[in-house]
Amino acid sequence: MTLHDDRTAVLADRLSVVRHRIEVAAGSKAVPTLIVVTKFHPAADVLRLRTLGVADVGENRAQEAAAKALEVADPELRWHFIGQLQTNKAKSVAAYAQSVHSIDRASLVNALAKAMAVQQQTNGRANLECFIQLDLSEAYPGLADAEVANHSGRGGVAPSDIARLADLIAGTEGLDLAGVMAVAPLGVKPEPAFSLLAEASSALIANHPGATGISAGMSHDLEAAMAVGATHLRVGSDILGPRPPVL
Ligand SMILES: *Cc1c(COP(=O)(O)O)cnc(C)c1O
């Protein structure tokens with residue numbers, strides 16, 4: 001593979017469009033971290049993105065992510081795990097990920113803590129950054145829960161359950177509490193979802209002043225997420241193009 005091929009040129013163009021959108025939306029405010037979501041796309045695309053200055057990539061399937069991280073083998077690249085995570089995959093994720101954005105239960109925190117203890121004894125790696133995923137169905141009282149879940153994928157805790165999970169993460173060796181994360185439902189306006197997320201973030205920061213992260217905003221709603229102070233954007237299809245049919 002040559003890195004300066006047609007595909008690299010396409011990625012470069014789309015990436016610059018997205019970066020421009022982000023700059024426009026930021027105005028004079030700080031520009032959030034752009035995580036390029038490479039799920040379903042090959043490791044070769046991650047390498048291409050590296051040549052374009054991308055430092056953060058996101059993946060949502062444990063097996064695919066582990067294989068890609070091994071193939072890319074770039075210690076400077078930061079891998080963010082953004083999908084539903086089974087506890088039996090915690091060990092694998094702790095071996096390459098700098099952060100997990102989809103923490104939704106105590107058992108996952110405990111599994112990650114165990115995996116991180118082994119990692120840190122072996123190689124002294126930095127703490128794992130943990131975002132608590134928020135379930136946003138409360139933002140859409142008119143919609144049935146099932147319908148919201150259908151539009152935003154499963155996972156996430158109710159706002160009232162964040163505090164307990166946050167205390168657990170903050171009190172766990174090897175884990176850093178980074179903030180909150182959410183996926184706004186498709187097909188409905190994202191604003192109610194993002195205001196609920198912003199409220200949850202303020203409540204979290206009141207007890208954990210360092211947990212200022214807000215992971216929100218995808219290809220179609222990054223501007224709306226930035227309007228409520230998103231610090232980490234997760235953008236896939238507007239940069240990589242449509243996802244190939246499920247492998
Ligand atoms: C796929 C995915 C994204 C990226 O979505 P796009 O619409 O392709 O930008 C962001 N966050 C999560 C959790 C995802 O699974």
Side-chain angles (χ1 to χ4, degrees), residues 10-11 13-22 25 32-43 45-46 48-49 52 54-66 68-69 78-86 89 93 97-105 108 129-137 139 148-157 178-191 193-194 196-197 200-201 213-228 230-247:
V10 169
L11 294 179
D13 282 349
R14 295 208 196 106
L15 184 62
S16 75
V17 170
V18 167
R19 282 179 173 151
H20 182 69
R21 278 171 63 193
I22 295 170
T33 300
L34 171 61
I35 298 168
V36 181
V37 179
T38 48
K39 67 189 185 197
F40 295 100
H41 294 279
D45 277 351
V46 178
R48 291 182 174 98
L49 290 164
L52 303 172
V54 168
D56 296 88
V57 292
E59 290 283 336
N60 74 338
R61 301 193 305 173
Q63 237 165 329
E64 178 186 338
K68 252 184 247 180
R78 293 185 289 266
W79 294 86
H80 300 260
F81 195 84
I82 62 173
Q84 272 202 307
L85 185 55
Q86 294 175 293
K89 296 291 194 309
V93 167
Q98 117 132 8
S99 76
V100 173
H101 290 235
S102 42
I103 307 273
D104 59 358
R105 60 201 190 280
L108 180 57
E129 291 172 18
C130 296
F131 292 81
I132 297 174
Q133 184 172 356
L134 181 62
D135 170 42
L136 294 170
S137 38
V148 175
N150 209 16
H151 286 299
S152 65
R154 293 138 302 277
V157 300
V180 287
M181 175 274 206
V183 180
L186 276 176
V188 288
K189 278 191 184 331
E191 283 80 8
F194 290 146
L196 185 66
L197 181 64
S201 170
I214 301 181
S215 168
M218 307 174 25
S219 292
H220 64 285
D221 61 14
L222 69 89
E223 285 86 358
M226 287 178 65
V228 301
T231 60
H232 294 70
L233 308 171
R234 309 177 311 266
V235 180
S237 44
D238 275 4
I239 296 169
L240 276 300
R243 290 186 262 286
V246 176
L247 308 170

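Order of appearance sets the numbers: ligands from 1, and atoms from 1 within every ligand. Scope of the values below: all heavy atoms of this structure, side chains included, with no hydrogens, waters or symmetry mates.
- For His80 and Phe131, the ring centers sit 6.0 Å or farther from each other.
- Interatomic distance, CG of Leu85 versus CD1 of Ile103, reported as 7.5 Å (0.5 Å rounding).
- Legend: residues meeting ring-ring contact (aromatic ring centres under 6.0 Å, His included) with Phe194, ordered by chain and number and at least two apart, are absent.
- A distance limit of 4.0 angstrom between heavy atoms and ligand 1 selects the residues Val37, Lys39, Asn60, Ile82, Met181, Val183, Met218, Ser219, Arg234, Val235, Gly236, Ser237, Arg243.
- Residues Val17 and Asp238 have side chains not in contact (no heavy-atom distance under 4.5 Å, counting atoms from C-beta outward).
- Contact of the Asp221 side chain with the Met218 side chain is registered, since non-hydrogen atoms from C-beta on lie closer than 4.5 Å.
- For the side chain to side chain donor-acceptor pair (under 3.5 Å) with Ser215, the qualifying choice from Glu129, Gln133, His232, Arg234 is Arg234, the only one to do so.
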